[in-house]
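Everything on this sheet refers to the single structure shown next.
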2 protein chains.
Amino acid sequence: MAEVTDIPWLNDDEQRMWRQWMGLNAELLATLNREMQADSGLSNPDYQVLVVLTDTAEGQIRVSDLATTLQWERSRVSHHVARMEKRDLVSRRGCPDDGRGAFVRITETGRAAIERAAPAHVLAVRRLVFDALTEDEVAQLNEIFGRLRSRAGLATTE
Amino acid sequence: MAEVTDIPWLNDDEQRMWRQWMGLNAELLATLNREMQADSGLSNPDYQVLVVLTDTAEGQIRVSDLATTLQWERSRVSHHVARMEKRDLVSRRGCPDDGRGAFVRITETGRAAIERAAPAHVLAVRRLVFDALTEDEVAQLNEIFGRLRSRAGLATTE
DNA sequence: GCACCATACATGACGTGTCACCTAACCGGC
DNA sequence: GCCGGTTAGGTGACACGTCATGTATGGTGC
């Protein structure tokens with residue numbers, strides 16, 4: 001077993017940055033969620049699903065493709081779509097080509113909801129994030145986040 | 001109602017960065033949570049609570065102070081501490097000075113759990129984040145995140 | 001003392017997310 | 001045709017978080 005002194009603990013700068021990062025993440029998510037909820041009754045996950053659906057030509061998509069696009073587990077999609085179906089934001093129907101498959105389709109209510117929510121959401125993201133960043137910083141963050149994401153894919157401890 | 005063309009939609013660079021950010025955020029949290037769960041049976045929130053408790057001199061803290069430190073709502077603290085109490089990670093006891101108050105205290109089980117979890121957690125954060133960043137980048141990110149946090153009206157003061 | 005309000009914390013309802021597991025349908029071999 | 005493995009998707013149990021509300025105590029003005 002490793003001794004305490006062997007562990008490469010975070011130094012003060014690293015610790016500060018890590019706390020800022022995690023704190024900011026929590027605040028951003030909470031604020032965006034709260035504002036959208038108040039403005040249009042949609043949650044963040046609702047919004048993500050509806051964005052994908054409006055971006056597809058037919059306004060419908062297979063559950064698995066939705067899962068892949070959102071990087072969600074299929075069971076998560078299943079649960080969430082079920083909840084959204086109860087609120088009439090989407091509808092489900094079987095897939096004629098594949099008896100196991102299912103299509104998720106956006107409803108008129110869903111389309112109305114996201115069209116109402118989108119402008120305020122974008123404004124909020126601008127206000128909270130992009131208004132305070134230069135173009136260079138945006139590019140730099142994009143590069144850094146992309147680097148970390150691709151690294152994370154490779155490095156898995158078994 | 002505002003026309004679609006009036007909305008300051010995100011441009012391609014901004015959209016890419018925003019998606020990278022949110023995607024990375026989800027992946028980091030999920031990975032850290034999953035690894036710690038597998039390694040020591042603690043969740044991320046569990047870990048945060050135990051860190052605060054081990055950082056206090058007495059190993060105990062008032063519920064409200066815990067909420068302030070973690071930037072959590074008190075009801076969240078209440079729920080979470082209740083769950084942790086069931087697993088014998090912490091214990092609750094009334095406050096003699098203030099009949100309304102309650103102390104949360106770390107148990108031996110809790111102390112053992114976090115001492116077991118901490119090294120792996122730090123190593124994971126290093127592997128996923130700091131190993132891929134230069135010292136300058138860490139400083140820069142710290143500055144940017146701090147700027148966004150204070151702008152959002154949700155200051156740090158740690 | 002006694003209203004009156006604020007504070008400290010708990011609780012119930014509900015949406016969200018993960019994990020383990022299930023069923024049903026497809027698909028390749030024979 | 002049948003058989004065995006894979007795939008699509010759903011479900012139940014449970015942890016997590018928020019909101020609204022409840023309950024008891026503390027404090028303050030009269």
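At a cut-off of 3.5 angstrom, counting only N and O atoms as typed in the model, there is a donor on one side and an acceptor on the other between the side-chain of A/His79 and the base of D/dG12.
When each of A/Ala30 and A/Ser75 is assigned the nucleotide of DNA chain D with its nearest heavy atom, A/Ser75 is the one assigned upstream, toward the 5' end. The residue among B/Asp65 and A/Gln37 whose nearest nucleotide of DNA chain C lies closer to the 5′ end is B/Asp65.
With respect to the salt-bridge test (charged N to carboxylate O, under 4.0 angstrom), the residues A/Asp46 and A/Arg87 qualify. Taking 4.0 Å as the cut-off between side-chain N and carboxylate O, B/Arg147 and B/Glu143 count as a salt-bridged pair.
Distance CG (A/Leu66) to P (D/dG9): 10 Å, rounded to an integer number of Å. B/Arg74 has its CZ atom 14 Å from the C1' atom of C/dT11, to the nearest Å. In this entry the distance linking NE2 of A/His80 with C1' of D/dC16 reads 16 Å, nearest Å. In this structure, CG of A/Asp46 is placed 17 Å from P of D/dT18, rounded to the nearest angstrom. With rounding to whole Å, A/Leu89 atom CG is found 12 Å from C/dG15 atom P. If you take CG of B/Asn33 and P of C/dT16, they are 19 Å apart, rounded to a whole angstrom. One interatomic measurement links the two molecules: CG of A/Asp97 to C1' of D/dA8, which rounds to 14 Å at whole-angstrom precision. In this entry the distance linking CG of B/Asp98 with P of C/dA10 reads 12 Å, nearest Å.
Set against D/dG9, D/dG17, C/dA10, the side chain of B/Pro45 has D/dG17 as its closest nucleotide. Listed candidates were C/dA10, D/dC19, C/dT16. Nearest to the side chain of A/Arg83 is C/dT16. Listed nucleotides C/dC19, D/dG10, C/dT16 differ in distance to A/Val63; the shortest reach to its side chain belongs to D/dG10. Taking every side-chain heavy atom of A/Arg100 into account, D/dT6 is the closest of C/dC9, D/dT6, D/dC19. Checked against C/dA10, D/dT11, C/dT18, the side chain of A/Glu73 finds its nearest nucleotide in C/dT18.
Checked by atom type, the side-chain pair B/Glu137/A/Gln140 shows no donor-acceptor distance below 3.5 Å.
Within the 4.0 angstrom heavy-atom criterion, only backbone atoms of the sugar-phosphate kind lie near B/Ser43; the bases stay farther away. No contact: A/Arg87 has no heavy atom under 4.0 Å from any strand.
For the pair A/Asn25 and B/Leu28, the minimum side-chain heavy-atom distance is 4.5 Å or more. A heavy-atom distance below 4.5 Å is found between the side chains of B/Leu128 and B/Leu32.
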_Stepwise side chain to side chain contact (heavy atoms under 4.5 Å, CB included) test for B/Asp12 and B/Arg16_ = CA-CA 6 Å; B/Asp12 285 356; B/Arg16 258 193 295 276; 4.0 Å; yes
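Applying the ring pair (Phe, Tyr, Trp, His ring centres under 6.0 Å) test to pairs two or more places apart or on separate chains, those with a residue in residues 39-95 of chain B are B/Tyr47-B/His121, B/Trp72-B/His80.
Phosphate contact (OP1/OP2 of D/dG9, side-chain N/O of A/Arg62, threshold under 4.0 Å): present. Close to C/dA10, at under 4.0 Å from its OP1 or OP2, lies a side-chain N or O of B/Arg92.
Each end of the helix from C/dG1-D/dC30 to C/dC30-D/dG1 gets its own rotation axis from five pairs of C1' atoms, and the angle between them is 0° to the nearest 10 degrees.
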Could you list the donor-acceptor pairs under 3.5 angstrom formed between side-chain atoms of residues 60-67 of chain B and any protein atom two or more places apart in sequence or on another chain?
residue	atom	partner	partner atom	Å
B/Gln60	OE1	B/Arg105	NE	2.9
B/Gln60	OE1	B/Arg105	NH2	2.6

